Amino acid sequence: MRRVEFLRQPLAALVVIAVAAAVVPEYWLFLATSALMSAVALLGLGAVGRAGMNSLCQLSFAAVGAWTVARLSVWDVPGSIIVWVVAGGLAAMPFGLVVGLPALRLRGVHLAVVTLGFAAAADVVVSAVNFPGVDSYQQVGRPGFLATDRQYFVYAGLVFVIAGIGAELLGRTRTGAAWRAVRFSERATAASGTSVARAKLSAFAASAFAAGVAGGLLAGQVGMITAQNFQTIGSLALFVVAVMAGAEYVGGALFGGVLMTFVPELFRRAGISQDWANVLFGAGAVQALSQGSSVSEGLARRLRARRPAPVPPPRAATSGGEPPLGTEPLLEVRGLSVRYGQVKALQDVDLVVPEGTVMGLIGPNGAGKSTLTDALSGFIPSATGSVTLAGRRLDGLPVHRRTAAGLRRTFQQDRVPTGLTVGAYLRFAAHRRVTPAEVGDVREFLGCPPEDAHVADLDVGSRRLLEVAAALLARPELVVLDEPAAGLAHAESLALADRLVEVPARYGASVLLIEHDLDMVRRACARIVVLDFGEVIASGPPTEVLARPDVARAYLGDEVALT
Ligand SMILES: Nc1ncnc2c1ncn2[C@@H]1O[C@H](COP(=O)(O)OP(=O)(O)OP(=O)(O)O)[C@@H](O)[C@H]1O
């Protein structure tokens, strides 16, 4: 049943469309076709929205689709409007990629402004050139079986349902998961080995494809198109409705399409200026933004809230045995230094993590632990010194190549995307093909919630464990855990320590554990390294190192042993 759950909304839409086709008068069906076309364009906006980006030029892409369909119609290319709208979508995709390029550097309002600039430029171009067929009064041709408004409505409805199924299917692929992950954290997405650039560009390309299809449908509906159909104000209205209705959902896109078409029409009939419809949509979007959720997201949350909250399995401490000591050097760090302006965050750090061990890295706040993690995983390109993993130099490599070389990391702050289920996140973040048995094994091993639980419904501790589980599932050579026990109760931290002791033998990965919880460190680690003011001040077995007065002084500013 869960396998076809994603079909629920497109199929519900199909039923609504079929009923409307049977009972609604022809005049209203013409308007309903417009609603379906807006809904297809909104589905495209949903794709960029899923990736956390804003696009204000959706109708510019639609203009490319419409132009393509008009051109193919004038040339009378075989395949009729059925094939031409697909060609319209494909023709819009390169434009989507071009507009998406600034998204690799810009975010939020800056990106929105760039897309708005593109829409304004497209306005100028579209106004200056006539669409194909307009000069010769040649309408876009429709085959006999799509001649009436009712038939064309059914065609547009089928296109919407197919687009909806496509959107849902895409959401279940690695690409769809990457969109949600990018929206939540670009850094964590990169650290899982996924290309952030590819994720963003694919979202823009998918969005442009949908808009191109919608534009092509419009060309077929009205027969002769003009620049008026694709003005920037229309793109803005589409964006605002996407925010309000929730275009990431098939139902939300359909609801948005209906609003966009019928609200202005109702205003017109009531003798009110249609511009007031845009004001209304704007107010709806402000409301959605202030509540932090669209109409569809709010409904989905309410439905989820009816289900019982996922109960994390008990995570009891079960001694994992003696911490393994390790053998040959796996990670070798020499002379690693990082400066932030005048602050020397790391100074000539030398560090060796042997293969097959769990090594602890401790130090007071501001000692440089997170900086070290960032430098090892490639987030600080200005870091100097050498980093070698299993004999391979990593320094100078970008994040995703270090990940591919076998170095995985987790983050101190919660970086698990809330838009995914536990299973979808684990499969995405593993960044390799994993079997259901592997996913179940690591989930049980660490005491993670069931696969169908939504990340958004989990407590912070469970999310942290999920991040660790995903890192192990990736089968790295070395996993660097940045305070994985933050958010866990003390007993759960000790249970996690026991699990970590087993990791080298069970998953073939060594662990560099950064933690403030010294009980956990003592339990999990055979050796520890202490950082203070960016320098290594001690290393060795935990009992010896924590008994040293200089280590106690670094932590407490006093000569009190930490044992
Ligand atoms: N982006 C930054 N810009 C400037 N200084 C920074 C930056 N990030 C860290 N620092 C400084 O670098 C030093 C090391 O910080 P870092 O966060 O690595 O320490 P930490 O040991 O991880 O601390 P905590 O245990 O609180 O996480 C600190 O002095 C910090 O203020």
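None of these values were measured; they are calculated from a predicted model. Note that ligands are numbered from 1 as they come in the structure, with each ligand's atoms numbered from 1 the same way. Note that the numbering runs from 1 along the sequence shown for the chain.
- Remark: Arg415 engages no residue in a salt bridge (Lys or Arg N to Asp or Glu O under 4.0 Å) (not counting sequence neighbours).
- Under the ring-ring contact (aromatic ring centres under 6.0 Å, His included) criterion, no residue pair touches residues 480-503, with sequence neighbours excluded.
- Residue Arg174 holds its CZ atom at 5.0 Å from OG1 of Thr194, rounded to the nearest 0.5 Å.
- Summarising the geometry of Phe281 relative to Val240, their closest heavy-atom pair is O-CG1, 3.2 Å, with the distance given to 0.1 Å.
- Partners of Leu170 by side chain to side chain contact (heavy atoms under 4.5 Å, CB included), not counting sequence neighbours, listed by chain and number: Thr173, Trp179, Ala206.
- For ligand 1, the protein residues within 4.0 angstrom (heavy atoms only) are Tyr340, Val343, Ala345, Pro364, Asn365, Gly366, Ala367, Gly368, Lys369, Ser370, Thr371, Gln412, Glu483, His516.
- Between Phe95 and Phe118, the ring-plane angle classifies as tilted under the 30° and 60° cut-offs.
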